[in-house]
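These notes are about the structure you will find just below.
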Amino acid sequence: MTVVIEVVQPALEETAVEALYREHHPRIVALLARIVGDRQQAEDIAADVFCKLSQRPAAIGGCDNPTAWVYRVATNAGLDALRKHGRRRLREEQAGVEILRRAAPSDALQTVLAAERQACVRAVLAGLKPRDAQLLLLRSSGLAYREIAQAMGIALPSVGTLLARAEAEFERKYRARYGDAI
Amino acid sequence: MKCYSEGDLRSYLDRELPPGAIAAIAAHISGCRPCAASLSTLSARAQYVSSLLGELGELGELSGAGASACQPALRWLPAAALAAALALLFILLPKPHHPAPAPPIPIAAVAPATQPVRLAAVAPATQRARARKRALPRKPKPQYFLALDNEPFEVGVVRRVAFGPDELPADVVFSPDGRPRAIRLVSDSQN
């Protein structure tokens, strides 16, 4: 006698991952693009995050807020990519040359200055403690304190304190490296 | 008076506290100079960092459901900074030792203000210059009242009344508590 055991993937988890992808993929890509400064690289990282999630849908099963989980994983992946200076610098240089080729002559200076400011901000972010950088990025990307607390695994009343410290550290490092210019 | 921590003030800036706590902190910083200064510093720093992170762009695509929680807070930052600055300014300004009295009504200014200065509708330049000279405010003449008691007072209201059986016009000065304090009879030239 043969017993056939059918293993069925829980439909709820599949749906949760798909819903997360549909609702948050564009925003995750935008967040990652802000971190790494390269749209294509952001798309790649976001694809990796959702790919891992789809392979292990149970990872979000025990999580109270799957959205926060995805933001945390994506932010960590983006910061890791940002710290790989060699690749990032090469891509930025290539992207900068390409932008200058496309820009009108009158916009060229503004484009270069904006790209320079972005590179400065990213360099300071990369030099922060991972938790500080993640906190600043999640907050600036629109997460409420409650979502930040869940994403980072910290107590809700601590978010204000940690955010204030992270901002102080960011300001101190930015001014130390680049002075008062914004 | 208990001062608030940096974390509480930072949460207050983002309005990420219960309404009761927000009201309590707002009431506290209006009378606490160190907390108002801390709030001002935190607000300026938050704006500085926010503007730098804003350089990274792509915020337009983050305006969905997940981003909605932050946008009101970002809009609060300039208002909160202004409120903190005003609170700090209010605290730092020297305060009078006595409570400010009700707006005084200067007695001497009452009568001259009712006297109009007439100017010619069309006049040569020299006459207009003379008329402008006449139109300049003149120092009011002192007006003397008869005190009705010996108690001094600083401000009062002048009211025109009819005095006596002949209903002579008279000006009576009433102090803020409603008591008549001084009187003068009004001649025809003072009408």
Side-chain angles (χ1 to χ4, degrees), chain A residues 23-24 26-37 39 42 65 67-68 70-71 113-122 124-125 133 136-149 156-172 174-175 178 180 182, chain B residues 3-22 24-25 28-29 34-35 37-77 80-81 84:
Chain A
E23 188 176 349
H24 294 285
R27 290 201 297 274
I28 291 287
V29 171
L31 168 64
L32 288 167
R34 294 182 70 199
I35 298 173
V36 298
R39 185 84 190 180
N65 189 341
T67 304
V70 172
Y71 273 90
L113 290 175
E116 194 177 310
R117 284 194 298 266
Q118 290 177 359
C120 293
V121 173
R122 290 191 180 102
V124 174
L125 276 176
L136 292 176
L137 285 165
L138 290 177
R139 181 61 187 155
S140 73
S141 298
L143 268 68
Y145 279 24
R146 178 181 50 79
E147 293 171 311
I148 292 173
L156 178 59
S158 304
V159 175
T161 304
L162 295 176
L163 183 60
R165 287 179 192 164
E167 286 173 341
E169 189 65 7
F170 181 91
E171 183 186 26
R172 189 185 67 76
Y174 192 93
R175 289 191 191 278
Y178 306 111
D180 291 335
I182 292 182
Chain B
C3 283
Y4 286 90
S5 70
E6 202 177 55
D8 288 335
L9 294 176
R10 185 63 186 85
S11 304
Y12 169 77
L13 275 178
D14 282 340
R15 296 299 187 267
E16 287 271 2
L17 290 170
I22 289 177
I25 292 179
H28 176 80
I29 60 174
C35 283
S38 293
L39 186 68
S40 181
T41 303
L42 285 170
S43 175
R45 183 181 294 146
Q47 276 191 303
Y48 179 80
V49 174
S50 175
S51 66
L52 284 172
L53 291 176
E55 291 283 344
L56 298 179
E58 300 250 7
L59 270 176
E61 297 183 41
L62 292 168
S63 58
S68 61
C70 183
Q71 300 310 319
L74 288 177
R75 283 200 301 270
W76 265 101
L77 279 180

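On a predicted model such as this, the values are computed, not experimentally measured, just so you know. Here is how names work: the chains are called A, B, and so on, in the same order as the sequence lines, proteins then strands, and each is numbered from 1.
Both the backbone and the side chain of A168(A) come within contact range of chain B, judged by heavy atoms closer than 4.5 Å. Looking at F170(A), the atoms closer than 4.5 Å to chain B (heavy atoms on both sides) all sit in the side chain, from C-beta outward.
For the side-chain hydrogen bond (donor to acceptor under 3.5 Å, both in side chains) test, residues two or more places apart in sequence or in another chain that qualify with E169(A) are R172(A). Shown here are the side-chain contact (heavy atoms from CB on, under 4.5 Å) partners of S158(A), two or more places apart in sequence or in another chain: A155(A), L162(A).
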Full working for side chain to side chain contact (heavy atoms under 4.5 Å, CB included) between R34(A) and L137(A):
CA-CA 9 Å; R34(A) 294 182 70 199; L137(A) 285 165; 5.6 Å; no
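Between the side chains of R117(A) and Y178(A), no donor-acceptor pair is found at a separation under 3.5 Å.
Comparing R146(A), E171(A), R165(A) by how many heavy-atom pairs each has under 4.5 Å with chain B, the most go to E171(A).
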